[in-house]
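As structure tokens, the structure follows; a few thoughts come after it.
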Amino acid sequence: MDPDFRRLYVAAFGSQFGTQLSHVALPLLAVTALNAGPGEVGLLSSLATLTVLLVGLPAGVWVDRVRRRPVMVAMDVLRALAMVSVTAAWWMDALTMPQLYVVAIVSGVGTLFFDVASHSLVPSLVGRDRLTAANSLLVGTTSAMYVSGRSVSGVLTQVFGAPLVLLLDAVTYAWSALWLRGIRAVESPPAVREPIGRQLREGLRFLFGNRVLVAIAAQGAMANLGFPLATVLLPVLLVRELAFPEWVFGAYLAASGVGALVGSACAHLMARWLGQGGAVWVLSLATAPFGLLVPLLDHGIWIWLSAAGFFVVSVRTGVNNVLLVSFRQQLTPDTMLGRMTSIMQVILMGAVGMGGLLAAGVGELWGVRATLWAGGIVIAMSWLPLATVRSEIRQLGLPARR
């Protein structure tokens, strides 16, 4: 493993673990300390991603004009300070929902810039011939942190309280920043700097002029719309309506992380046997019906069936996160990576935000259970965009082993 990529990997290890801690702790803090309802919890979830719609497109242009590593360090520091502010406000008995909303916005912006810079940095650290292996390792780490972070966060929140868990999140961001500062690869921003508007138009024309990239964006948007619909109101359903202890919430979400971990770990092997495009297509189609198990969540065997469905569709997510990201990087020149990634982030994270808002609206109008059914149906149908480019994606990446 290249030393610089190893430093990036260790940084991602800490940062992703902390992000999953706050993903569980922040809504639980809103529910338990501020008695937030479905609408407030849904809005809190959506703000972190809806802000991407405002700054996402310029973010990619800016990242393409500067060195990527300092951007990542700065975003780690920004997110750490945001989490510390929540803990401090709670200790002073001054915590409010508006502050949590602001923290969600800051966290969303920080994550956007960090991810755009990170995805743009990886090809220069490992080379394009090793992208699938590198992405498999990074996505596998993210999935592992998803599992451990969310399950541990549920337990830690119940034992120590959400404010201390958020403080731990701040520590992990500081860890990430320290390791990123050790990357020694010298980055040189492009010498030619065209007007931002022109660069942005170039990025949009590039992405929307490629059928495969458009299908990848559409598939990701559907999945990212469905998952929030199925999960945003889980604290309300599990903790308040079904009276499960808080650790069950974290454990249920961990089923998705385990699935994504399995998928990312197997992605490279599946690509070798089926071809990268074949692996994406076959798995997307085979796992589609399992999305309809997710809304069955209830006491008894139903929570196990729901978690099983969540696990299987998350395996598909893990495979896609490795192979489709590698496709995106293979199809995009270095000078366009920041813009392509930011446009994708606007689409994907915007879909997450819209899912949160829809969850809030559907939850208030028709109840929490209806949001789960809406999410399960969208997840089950998210393979359809890839069907339109089936032949093209089969030709991409590693050939199948005969």
Side-chain angles (χ1 to χ4, degrees), residues 52-53 56-57 60 119 131-132 135 139 201-230 259-260 263-264 266-267 270-292 294 309 312-333 336-337 339-355 358 374-400:
V52 173
L53 298 178
L57 296 180
H119 284 229
L131 280 176
T132 300
N135 285 324
V139 172
R201 288 192 296 272
E202 288 177 355
L204 289 168
R205 282 196 299 268
F206 173 78
L207 191 151
F208 288 103
N210 187 297
R211 278 171 43 85
V212 174
L213 291 179
V214 170
I216 290 173
Q219 185 277 333
M222 290 186 67
N224 283 11
L225 181 69
F227 273 98
L229 279 167
S264 62
C266 297
M270 292 184 65
R272 287 177 59 83
W273 284 99
L274 299 173
Q276 286 179 295
V280 167
W281 169 250
V282 170
L283 196 64
S284 294
L285 187 59
T287 59
F290 288 87
L292 299 178
V294 175
V312 172
V313 295
S314 297
V315 171
R316 178 187 65 188
T317 298
V319 172
N320 286 351
N321 283 349
V322 172
L323 299 184
L324 295 185
V325 168
S326 297
F327 288 169
R328 285 160 41 183
Q329 292 168 333
Q330 290 168 6
L331 292 167
T332 308
M336 195 73 71
L337 276 170
R339 281 166 284 177
M340 182 278 295
T341 302
S342 70
I343 296 168
M344 282 287 186
Q345 289 291 81
V346 167
I347 296 170
L348 300 181
M349 295 185 72
V352 172
M354 288 303 299
L358 285 174
I377 292 170
V378 173
I379 291 170
M381 297 178 62
S382 63
W383 63 275
L384 290 174
L386 296 178
T388 65
V389 291
R390 180 181 176 184
S391 60
E392 289 95 326
I393 64 173
R394 281 187 174 276
Q395 298 172 8
L396 288 172
L398 297 172

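Just so it is clear, the values below take in all heavy atoms, side chains as well, and ignore hydrogens, waters and symmetry mates. None of the values given here were measured: they were computed from a predicted structure.
Residue Ile379 comes nearest to Ala230 through the heavy atom pair CD1-CB, 4.4 Å, listed as atom of the first residue, atom of the second, then distance. Closest approach of Ala223 and Pro228 over heavy atoms only: O-CD, 4.5 Å. Of all non-hydrogen atoms in Ala351 and Ala221, the two that sit nearest each other are CB-O, 3.3 Å. Closest heavy-atom contact between Thr287 and Val313: O-CG1, 3.9 Å. Residues Ser284 and Asn320 come closest through the heavy atom pair OG-ND2, 3.9 Å.
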Item to complete: In sequence, state the C-alpha distance, the side-chain angles, and the governing distance for Thr332 and Thr341, and then conclude on side chain to side chain contact (heavy atoms under 4.5 Å, CB included).
Response: CA-CA 10 Å; Thr332 308; Thr341 302; over 6 Å; no
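With contacts defined as side-chain heavy-atom distances shorter than 4.5 Å, the pair Leu324/Gln219 qualifies. Between Phe206 and Ile343, every side-chain heavy-atom pair lies at or beyond the 4.5 Å cut-off.
The backbone N or O of Leu384 sits nowhere less than 3.5 Å from a side-chain atom of Thr388 that would complete a donor-acceptor pair.
One distance of note links CD1 of Ile216 with CG of Leu386; it measures 7.5 Å at 0.5 Å rounding. For the atom pair Arg328 CZ and Leu207 CG, the distance stands at 8.5 Å (nearest 0.5 Å). Here Met222 contributes atom CE and Ile377 contributes atom CD1; the two are 11.0 Å apart, rounded to the nearest 0.5 Å.
With sequence neighbours left out, Arg211 forms a salt bridge (charged side-chain N to carboxylate O under 4.0 Å, His left out) with Glu392. Not counting sequence neighbours, the partners of Ala217 by the side chain to side chain contact (heavy atoms under 4.5 Å, CB included) test are Met344, Ile347.
Pairs passing the side-chain hydrogen bond (donor to acceptor under 3.5 Å, both in side chains) check and including a residue from residues 374-384, sequence neighbours excluded, read Arg316-Ser382.
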